Every structure is written in structure tokens, then in C-alpha cells.
Amino acid sequence: MEYNFRDIEKKWQDWWKANKVYQVSNQSEKPKHFVLDMFPYPSGAGLHVGHPLGYIASDIYSRYKRLKGFNVLHPMGYDAFGLPAEQYAIEHGIHPAVSTASNINNFRTQLDKIGFCYDWEREVNTSQPGYYKWTQWLFLKLYNSYFCNTEQKARPIAELVAKYETAGCKHFTAAQWQQFSVAEKEEWLMKRRLAYSAYGEVNWCEALGTVLANDEVVNGVSERGGHPVEKRRMRQWYLRITAYADRLLHGLSTVDFSDAMKEMQTNWIGKSSGAEIDFKVKSEQGKIETLRVYTTRPDTIFGVDFMVVAPELDLIGEIKSKEQTIADDEYLAYVKSRSERERMAEKKITGVFTGAFAINPFDGKEIPIWTSEYVLAGYGTGAIMAVPCGDERDHKFARHFNIPITNIIGAHYNGEEANPTKEAILENSGFLDGMLMKDAIEVAIEKIEAAGIGKRKINYKMRDAGFSRQRYWGEPFPITWKDSVPVAMHEKDLPLLLPHMDEVKPGKGGEGPLLNLTEWVNTPEGQRETSTMPGYAGSSWYFLRYMDPKNDNEFCSRAASDYWGQVDLYIGGTEHAVGHLLYSRMWTKVLYDLGLIGFDEPFKRLLNQGMIQGSSRFVYRIHGTSQFVSAGLKDQYTVDQIHVDVNIVDGYELDTEAFRKWKKGEFADASFLLEDGKYICGAEVEKMSKSKFNTVNPDDLVYRFGADTFRMYEMFLGPVEMSKPWDTKGIEGVHRFLKKLWRLFFKLSDSPSVGGGEGEVIWTDAPATDAELKVLHKTIKKIEDDTERFSFNTGVSSFMICVNELTDLKCHKKRNPATARDLTGSLCTAYCGRTLAPAGQ
RNA sequence: GCCCAGAUGGCGGAAUUGGUAGACGCGUCAGACUCAAAAUCUGGUGUCCGCAAGGAUGUGCAGGUUCGAUUCCUGUUCUGGGCACCA
């Protein structure tokens with residue numbers, strides 16, 4: 001028998017299962033280590049070769065830490081609520097619970113084949129009541145807490161109520177508070193709660209009668225059906241993550257994330273300091289007296305040549321002049337149809353003059369007020385003072401609309417492009433003349449404050465996080481509305497089960513599908529909230545649940561979270577850089593503030609795996625025929641480029657027979673124009689996706705080469721943090737290496753009776769020579785180094801070098817004194833996921 | 001548009017702190033074994049010139065710092081990720 005990976009792998013996987021080898025206890029003498037993967041959304045497409053990349057890396061590291069004497073928590077679960085399952089239900093009539101369960105089954109089967117060392121006893125599934133009960137419980141904690149500005153931490157809202165009752169605040173006295181109605185009191189509390197309700201804009205599609213995710217809007221129309229989409233204001237839930245902006249910023253210095261990751265989060269939070277300035281307004285209507293702008297560069301106030309107000313601000317209606325009305329309305333309609341992304345990415349300069357003017361408080365100059373989509377309502381005050389000589393966008397705008405440009409920085413401005421310098425000496429700048437700009441910032445703020453027309457202001461680009469979705473497949477809010485006042489459910493009544501729906505369709509007026517369940521919505525206490533929580537609700541705290549997954553009384557006992565503490569190593573993709581990672585950091589800080597856990601950063605160390613892209617293949621059909629031309633000849637014809645399944649292409653050469661059978665014979669009558677007797681496909685690197693026919697399923701590879709080969713090959717592809725297109729060519733090399741390793745201990749046997757998937761034993765117990773030991777120890781040292789710095793590709797390479805050298809030395813020894821087994825049976829086990837040595841180590 | 005990252009042979013990649021560029025693997029070429037094939041083994045393989053010894057050149061592109069740059073700096077091109085309701 002030859003190296004029979006199938007029998008060997010099955011034997012060990014069964015053995016692990018039977019002996020619960022990877023079950024982890026919360027009690028141990030050993031030091032703890034928590035190695036976590038970002039859990040997957042179980043999509044219907046199943047696992048492709050991109051998913052396991054990070055999982056294999058974390059698995060190797062977990063096994064390595066275990067070998068080093070740690071009690072390692074290495075769990076896996078499913079982020080099971082989400083939009084695609086709901087979409088699938090709408091299109092195919094399959095209930096999300098059904099498709100999700102079947103997807104999870106499929107994922108689990110696929111994961112098991114790769115030989116991971118997860119403790120499956122700790123599996124979590126965010127869509128199970130036993131789990132989302134605690135997501136709801138945590139929501140109530142957020143709802144019932146506020147951010148105390150003095151202590152800079154979350155406190156129970158009851159403390160705030162007590163303060164209002166006894167001392168009032170700057171907006172009202174204690175006596176006034178007592179007089180407030182329930183609704184008035186709630187309105188004040190909503191301004192402070194960490195989870196609160198307010199109005200916000202959504203993508204509304206009239207034709208589909210529903211709210212759409214950004215993902216479902218393509219080029220301003222709905223992906224399904226191509227209907228127009230516009231912005232609409234609706235009541236939403238939010239998390240007050242902005243209250244934690246500073247702590248989220250400072251916390252970055254206490255964690256081991258890449259500099260790029262820290263930078264991305266820092267930029268997302270976008271802390272800036274500057275001033276808010278009120279400009280007097282001169283308009284036909286005369287309704288509005290001042291326009292408030294936020295600027296980080298108050299030193300440039302004498303260079304302001306125009307103002308820009310976000311188009312959606314109500315303010316515009318109140319300052320615009322009669323002649324401008326039509327232009328404005330048209331422009332507003334145009335902006336309403338555009339996504340924020342499109343607005344920011346737009347190169348074309350658009351805008352409308354409102355007909356009103358602002359007055360520069362220092363020199364009395366009249367400044368035209370414009371509106372343009374490049375200013376967003378959500379940031380700062382939604383209005384900017386534009387300084388063309390110092391800001392490129394302002395400069396382009398001024399040029400486009402022929403607005404005269406004031407130069408306040410002399411030779412630093414060349415008249416061609418803006419110069420955002422702070423090093424220039426100011427000119428044409430009144431009381432700031434002759435000052436260095438960076439010094440003038442302070443002077444300007446002081447003057448503005450002294451004149452009572454503005455104040456120093458710290459601003460954040462980050463906005464509060466929208467926390468409700470007009471969807472079915474998510475956690476229901478434990479909230480009931482009574483006379484437009486939200487009432488929280490009592491903790492002891494949780495979970496609020498997601499009720500069954502036969503058919504998932506949107507509720508009236510864009511509300512969530514749950515609105516259709518009249519009996520469920522209408523309760524004696526009032527009307528239930530019909531929106532559900534977003535995908536990131538369950539994933540913001542799941543790492544805690546792994547520590548104590550079966551606890552019915554708590555989300556996670558303090559003993560468990562004290563024992564396991566922070567995640568020591570978290571592996572996942574950078575695509576979560578600013579979403580999931582910021583949310584879970586915020587939740588952790590809230591839980592810490594409330595004394596529910598003992599640490600305020602969830603992830604001590606973060607490793608970002610690169611994305612495995614698909615390498616798509618194309619065939620070229622001569623337009624209007626069933627004749628296909630090889631890539632090298634395609635320019636001679638008018639052709640349609642068609643994605644072809646990468647699994648029927650060998651490198652670039654199409655298997656034409658398989659192609660005729662592909663897609664149930666859609667191309668059965670295809671004929672081919674070949675080059676050099678071959679049909680060569682075109683290629684492009686794209687995201688790995690079922691619709692592009694470029695997915696490679698790990699199951700096939702595991703079947704053909706074994707899990708060990710598959711794992712090592714994924715690691716051998718390159719640095720784990722780098723993105724790269726998948727290419728199966730090359731897996732043979734790793735497979736050859738494992739066969740070569742096997743041949744250090746066995747030889748091919750003629751006798752079929754030598755069984756168990758293991759050949760004839762040829763190893764000896766003879767002591768190793770110095771040369772052999774040198775190879776061994778050199779390799780152990782190198783691979784430990786490589787594993788510690790997550791350089792798994794060079795680790796695999798070191799194994800290859802070692803085996804090549806031992807083969808050259810004709811070494812077939814297993815033990816004595818330091819053994820080959822140390823290497824093959826331990827470190828290699830960490831990489832492969834099981835052992836090649838028959839000793840069972 | 002804004003933020004982040006990447007670019008090295010035919011291909012994936014190595015070079016850990018500025019010090020011999022191309023480890024390891026794939027592919028390919030030549031050879032051994034074989035009736036033949038597979039498997040396995042041995043050797044060559046960045047490019048250009050040369051029979052060879054050897055020489056020149058070479059890490060996306062253009063500059064710079066340095067005795068010395070794949071590595072540091074400035075600019076630039078292309079590719080990928082994110083940009084707040086995909087997860």
C-alpha cells in the first residue's frame with residue numbers, strides 16, 4: 001500500500017471524536033490561551049477554499065500552543081442571522097430557519113473534513129433562542145445605560161433618572177422633571193441612552209414597498225427589478241458609539257493590531273479639532289439669522305469665498321430666494337436619488353446657488369451660500385465654509401462656477417491648485433495678517449469665542465451606529481411601543497422569540513415583515529417593535545459566549561470571563577476593520593463599565609488574513625453562433641465573453657468534452673477553433689463567487705489529496721495576511737512532500753495484507769547521528785520561529801527542506817535520543833492536523 | 001473621491017533589523033529506471049552576451065538618501081479591500 005491518507009485521516013478523526021480530544025475545560029492548571037476565528041455567515045454557496053485559510057492558521061497556532069502547555073480555547077460557531085437567508089426566502093419560498101439550518105449542516109460537514117481541533121461542544125449559533133436571548137438581554141443593558149460624561153463610562157440610566165429627580169440638569173429643574181409627562185421624560189432619556197431610537201434615512205424603494213440595503217442598490221436603482229430608490233426618513237434604533245469615540249481611540253494603544261488596522265479605525269473615528277462658527281445670513285425670506293459651520297481651519301476665515309450647505313438640510317428651504325427655487329428643487333430631487341457613496345465618489349462638480357449670503361463676521365464681506373452634494377448632512381453641522389486657495393475640492397468648485405478666489409497665502413498659492421499648507425504666512429487676513437497659519441488657528445478660535453460667534457469644537461467623523469433593520473431574519477427587539485413611548489421588556493421574560501412566518505414579505509409602509517403578524521404585534525401592553533437587530537448584534541459579543549456556551553442564567557459567568565479573559569489571537573479578514581471590530585470593542589467597553597466583565601478590549605492581538613480571490617476563466621463565443629474561439633484568436637472575431645467553470649479548465653486549457661456537458665448541456669453543440677490543438681481560456685482575478693464560476697470547493701481537494709495536503713498547501717501559498725488568487729496547480733508539490741515524509745518511515749509494500757493504510761515499516765530505533773540531529777534541531781528552531789510570527793508558508797518550506805535532507809542522509813530513525821518523532825509527530829501534526837507517525841502522538 | 005494594503009523569474013513566493021536577490025514549491029528542459037506509461041530518482045532553469053571561463057543586467061514606474069536599497073524617503077501607475085443596511 002502507498003501513503004493512504006484517506007484511511008489514516010479517517011482513523012485519527014474518528015479517534016479524536018471518540019476520545020473528545022479537543023474538549024476544553026474552564027478549569028486547568030495550565031495557563032490559558034484563547035485563539036479565535038471570525039465565525040462565518042453560513043451562506044448557501046457553502047465553504048470555498050478562501051474560508052479555511054484563516055481557520056487553518058488559527059488551528060495550527062492552537063495546536064502549537066497546546067503542545068507548548070497551554071489550555072487552549074479554540075471554538076467555532078455561526079453568525080446565522082442575516083440578509084441573504086431572507087432574500088433567499090423571498091425568492092424561493094424557503095423559510096430562513098430551514099435554509100440556515102441546512103447551510104450550517106453543510107458547513108459543518110465541510111469543516112470536519114479539514115481536521116480542525118475545535119471544541120464543538122461550545123458551538124454558538126446566533127439565530128438560536130438560547131443565544132439571542134442574551135443578545136436581547138445585552139440590548140436592554142445598552143438601552144438602560146447612559147454615558148456619564150464626568151466618569152467617561154456607562155452607568156445605569158436609573159442613576160440619571162435619580163439625578164434628574166433630585167437635581168435636574170442644565171435643561172430643566174428637578175421640579176420641572178417631576179411635572180413632565182411620561183413621553184416628555186422618555187424624550188429626554190432617549191438623548192442619553194446607549195441604545196436609542198431616533199429618525200434616520202433609509203433607502204426606500206416604492207415599487208418593492210421595502211427598505212433596501214446598500215448592497216441591494218446598484219447605480220441608484222434596486223438590484224431586484226431595477227426600480228428607483230430614494231432616501232426616506234424612518235424611525236430607527238441606534239447605538240451611541242460616538243460616546244465611546246475617545247476610548248475606542250485610546251484603546252488602540254493597548255492592543256496588538258497592525259498599524260494599518262489602527263490607522264483605518266483611527267480614520268473612521270475621524271477625530272478633529274476646530275471651531276463651530278456662526279455666520280449672519282442675508283436672505284430674501286429673512287427667516288434664518290445664522291448659518292453654523294464647522295471648520296478645522298478657522299485660521300483661513302478671511303479666505304472664505306463661498307459657503308456650501310448639504311442639500312438635504314431643511315435650512316435650504318428657508319434661505320433660498322425665489323428665482324432659485326426651481327433649480328434648487330430639481331437639484332434636491334437629484335441628490336435624493338443618489339447614495340452617499342456616489343455623492344462622495346462623484347468627480348463631476350454639481351451645485352446650486354441658494355440666492356442667500358452669509359456675512360463674514362470680521363470683514364463684513366458677503367459670501368454666497370451654495371448647496372452641493374459633496375457636503376454631507378451627517379458630518380459636523382452639514383455646512384462648510386469654503387476656502388478655495390486651501391482646499392482642493394473647494395478650489396475645483398470655485399473654478400467650475402467662476403467664484404472669485406481670495407488668496408490668503410501669497411506665493412504658496414499658485415493660482416492653479418489649492419495648497420492645504422499650515423506653514424504659510426497669512427495675507428489679506430485682517431487681524432491674522434503676518435501670522436504663521438498653524439499659530440493663527442489658536443488666535444482665530446480665541447477671537448471667535450471672545451466675539452461670541454462660535455466656539456472651540458472637537459468633531460468626529462464617526463456617527464452613531466444604525467441598529468435596526470426593516471427585516472425578518474434577525475433578533476426581535478424586546479421593546480413595545482405604548483402611545484409612541486418605548487417600553488422595555490423585563491429581563492426575566494426573555495427571550496422574545498422570533499415568531500414563525502409562512503411567507504416573508506415587507507410590512508406596510510416599509511416596516512419590517514413582522515408588522516404583518518398582527519396578533520404578535522398587538523399586545524395588551526402596546527405594539528411590538530417590528531424591526532429586528534442587524535447582523536452585527538450577535539457578532540458583537542459571541543467571543544464571550546464561547547467561554548460559557550450553555551449557561552441559561554447569564555450571558556457568560558464572570559468566573560468564565562475572568563478565566564479566559566481577552567482573546568489572545570483573533571484571526572479574520574480586514575473587511576471587518578471598521579464594522580464588526582469597532583462594534584465588539586464598544587460592547588466590550590460597555591460590559592466592562594457595567595462590571596459584567598473584567599477587561600475593556602476584547603481582542604489582545606489581531607491577525608488579518610488576506611482574501612483568496614478567484615481566478616476566473618473565460619471562453620469566447622463568436623457572436624450569434626455556437627462556435628468558440630481560443631483566447632489567442634478572439635480578436636479576429638466579434639465575441640461574447642462567457643465565464644466558464646474553473647473546475648473544467650486545466651490551467652488555461654479547456655476540457656472541451658466537459659464543457660459540452662456543462663450546465664446541463666447548454667453548450668452541447670459547441671464547436672471549437674483551437675490554437676496548437678488546444679482551447680486556451682482567458683483569465684481574470686475576481687472575487688471568489690458562485691456566479692463567476694470561479695469557486696473551488698475544498699471537499700474535492702481533500703478527497704483527492706487528503707486534509708493534510710490541503711492544509712499545508714493553503715499555508716504554502718504565501719503569507720497568510722496577503723491576498724492572492726487561488727491556483728490549485730502546485731498542490732501536487734505539497735502532496736509529494738508528504739509522500740516523501742511517509743517514505744522516511746514506510747516503504748511501499750507488495751503485500752496487500754499490510755493494512756491500516758500504512759505500508760511496510762522501515763524505521764529503526766537506532767540512535768541518530770550528529771548530522772541527523774543537526775537537521776532535526778535546526779528545523780525545530782526554524783519552525784517554532786515561523787509559527788510564532790505566523791509565517792506558515794516558510795514553516796512548510798522548512799519541513800520540506802528537513803525531509804529532503806533526512807532523505808539524503810538515508811535517515812529512517814524514529815527515536816533515540818532526541819527523536820524524529822519530535823518533529824514529525826508534534827510540529828508536523830500542528831501543521832497537518834494529524835500525525836503521520838503511527839505511534840499515535 | 002476618501003482611507004488602508006500590495007506589486008520580486010513562465011507561476012506561488014523567500015530574503016525576520018539597510019548587507020551575496022530568487023530559499024522552498026510549481027512548471028519546464030535533459031537524463032536514469034521501464035517494452036511503454038505512471039510513480040520515483042539525478043541534474044539544469046531570472047534575462048541578455050559567450051563554446052566556456054566570465055561579463056552585463058535585474059525586485060511595477062520616475063527620482064532621492066546611503067559605501068551599500070526588494071527593504072528607507074518623495075512622486076506616480078496599476079491591482080485588491082473598506083467607505084456606515086452584505087457579512
Side-chain angles (χ1 to χ4, degrees), chain A residues 2 38-43 79-85 87 200-203 211-217 223 236 241 258-268 270 339-348 374 378 392-393 396 461-471 474 531 534-536 538-539 572-580 582-583 608 610-611 613 651 684-687 712-713 716-719 721-737 739-740 743 748 782 785-786 788-789 791 793-804 807:
Chain A
E2 181 161 26
M38 288 186 185
F39 64 167
Y41 174 78
S43 82
D79 188 13
F81 274 135
L83 188 56
Q87 199 74 315
E201 288 194 329
V202 294
N203 300 313
V211 173
L212 298 178
N214 289 338
D215 225 37
E216 299 174 286
V217 182
E223 193 179 29
Q236 305 286 330
I241 193 169
S258 70
D259 289 342
M261 174 61 62
K262 289 183 180 182
E263 210 169 322
M264 275 190 272
Q265 295 208 352
T266 302
N267 291 339
W268 180 266
S339 71
E340 211 167 271
R341 180 98 51 91
E342 285 174 317
R343 284 173 58 179
M344 289 188 292
E346 184 60 66
K347 284 185 194 167
K348 209 172 69 205
Y374 82 90
E392 195 50 40
R393 266 190 315 187
K396 286 190 174 132
K461 224 176 266 170
M462 182 168 67
R463 308 197 289 259
D464 280 340
F467 196 67
S468 48
R469 302 289 182 260
Q470 280 64 45
R471 305 283 171 186
S531 55
Y536 68 82
S539 62
T574 40
E575 65 271 24
H576 299 284
V578 289
H580 161 65
L582 277 176
Y583 300 135
N608 293 116
M611 179 173 279
Q613 293 140 332
E684 227 171 84
V685 172
E686 302 177 288
K687 205 166 181 165
M712 281 204 150
Y713 182 57
F716 190 58
L717 275 176
E721 58 272 66
M722 206 188 280
S723 291
K724 56 231 152 198
W726 177 265
D727 185 0
T728 305
K729 275 222 149 57
I731 195 168
E732 300 266 6
V734 174
H735 193 61
R736 242 169 251 160
F737 151 71
K739 285 200 271 193
K740 205 166 172 181
R743 284 199 303 269
L748 300 179
K782 176 75 163 69
D785 284 355
D786 287 345
E788 293 280 3
R789 65 192 178 97
S791 178
N793 56 328
T794 54
V796 174
S797 153
S798 303
F799 276 123
M800 290 174 169
I801 294 168
C802 169
V803 167
N804 288 344
T807 304

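This structure is a prediction, so every number in the text was calculated from the model and none was measured. Below, chain A is the first sequence line, B the second, and so on; all start at residue 1. Only heavy atoms go into these numbers, but all of them, side chains included; no hydrogens, no water, no symmetry mates.
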Original post:
Paired with U45(B): which nucleotide, if any, by Watson-Crick or G-U wobble criteria at under 3.5 Å for both distances?
Top reply: G27(B)
Original post:
Ignoring hydrogens and geometry, is there a side-chain-to-backbone donor-acceptor pair from Ser723(A) to Met611(A) under 3.5 Å?
Top reply: yes
**OP:** For A30(B) and G12(B), measure between their P atoms and round to the nearest Å.
**Re:** 25 Å
Subject >> Any strand: nucleotide that pairs with C78(B) via Watson-Crick or wobble, under 3.5 Å >> reply: G6(B)
Subject >> Atom-pair distance (CG on Asp727(A); P on G13(B)), nearest Å >> reply: 10 Å
**OP:** Provide the distance between the two C1' atoms, one in C3(B) and one in U57(B), to the nearest whole Å.
**Re:** 39 Å
Original post:
Taking it one step at a time, do Asn214(A) and Asn203(A) satisfy side-chain contact (heavy atoms from CB on, under 4.5 Å)?
Top reply: CA-CA 7 Å; Asn214(A) 289 338; Asn203(A) 300 313; 2.9 Å; yes
**OP:** Using both distances under 3.5 Å as the test, list the Watson-Crick or G-U wobble partner of C67(B), or none.
**Re:** G19(B)
Subject >> side-chain contact (heavy atoms from CB on, under 4.5 Å) between Lys740(A) and Asn804(A), worked out >> reply: CA-CA 8 Å; Lys740(A) 205 166 172 181; Asn804(A) 288 344; 2.8 Å; yes
Original post:
Side chains of Thr794(A) and Ser791(A): do they bring a donor and an acceptor to under 3.5 Å?
Top reply: yes
Subject >> A15(B) versus A53(B) - spacing of their P atoms, nearest Å >> reply: 31 Å
**OP:** May I ask you to check whether Ser468(A) and Gln236(A) show a side-chain donor-acceptor distance below 3.5 Å?
**Re:** yes
Subject >> G1(B) - base-pair partner by Watson-Crick or wobble geometry, distances under 3.5 Å >> reply: C83(B)
Original post:
Have Asn267(A) and Lys461(A) got a donor and an acceptor in their side chains that come within less than 3.5 Å?
Top reply: no
Subject >> Distance, rounded to the nearest Å, where Met712(A) contributes CE and G13(B) contributes C1' >> reply: 17 Å
**OP:** Could you walk me through whether Met712(A) and Met800(A) pass the side-chain contact (heavy atoms from CB on, under 4.5 Å) test, one step at a time?
**Re:** CA-CA 11 Å; Met712(A) 281 204 150; Met800(A) 290 174 169; over 6 Å; no
Subject >> Spacing of the C1' atoms in G22(B) and U71(B) (rounded, Å) >> reply: 15 Å
Original post:
Does Lys396(A) NZ have over 12 foreign heavy atoms under 6.0 Å away?
Top reply: no
**OP:** Answer syn or anti for G9(B), where the cut-off is 90° from 0 on the glycosidic torsion.
**Re:** syn
Subject >> Nearest-angstrom distance, P atom, A21(B) to U40(B) >> reply: 34 Å
Original post:
For A14(B), what is the paired nucleotide under Watson-Crick or G-U wobble rules, both distances under 3.5 Å?
Top reply: none
Original post:
Does a side chain donor of either Trp726(A) or Thr728(A) reach within less than 3.5 Å of an acceptor in the other side chain?
Top reply: yes
Original post:
In whole angstroms, how far is the C1' atom of C3(B) from the CE atom of Met261(A)?
Top reply: 12 Å
**OP:** Using the P atom as the reference point in each nucleotide, state the distance between A32(B) and A38(B) in Å, no decimals.
**Re:** 15 Å
Subject >> Arg471(A) with Glu216(A): basic N within carboxylate O range, under 4.0 Å >> reply: yes
Subject >> Contacts of type ring-ring contact (aromatic ring centres under 6.0 Å, His included), residue Tyr583(A), not counting sequence neighbours >> reply: Tyr536(A)
Subject >> Separation between the P atoms of C29(B) and A37(B), rounded to whole Å >> reply: 14 Å
**OP:** For nucleotides 78-87 of chain B, just jot down a letter per nucleotide in 5' to 3' order: B, S or -, based on protein non-hydrogen atoms under 4.0 Å.
**Re:** --SSSBBBSB
Subject >> Nucleotide C11(B), atom P - distance to OH of Tyr713(A) in whole Å >> reply: 15 Å
**OP:** Output the single nucleotide from U16(B), A14(B), C4(B) whose closest atom is nearest the side chain of Lys782(A).
**Re:** U16(B)
Original post:
What one-letter contact string describes nucleotides 17-28 of chain B from 5' to 3', where B marks a base within less than 4.0 Å of any protein heavy atom, S marks contact via sugar-phosphate atoms alone, and - marks no contact?
Top reply: ------BBSSS-
Subject >> Euclidean distance, atom NZ of residue Lys739(A) to atom P of A38(B) [Å, nearest integer] >> reply: 13 Å
Original post:
So what does Lys396(A) touch, heavy atoms closer than 4.0 Å: a base, only the sugar-phosphate, or nothing?
Top reply: nothing
Subject >> Integer angstrom distance from the P of A39(B) to that of G27(B) >> reply: 10 Å
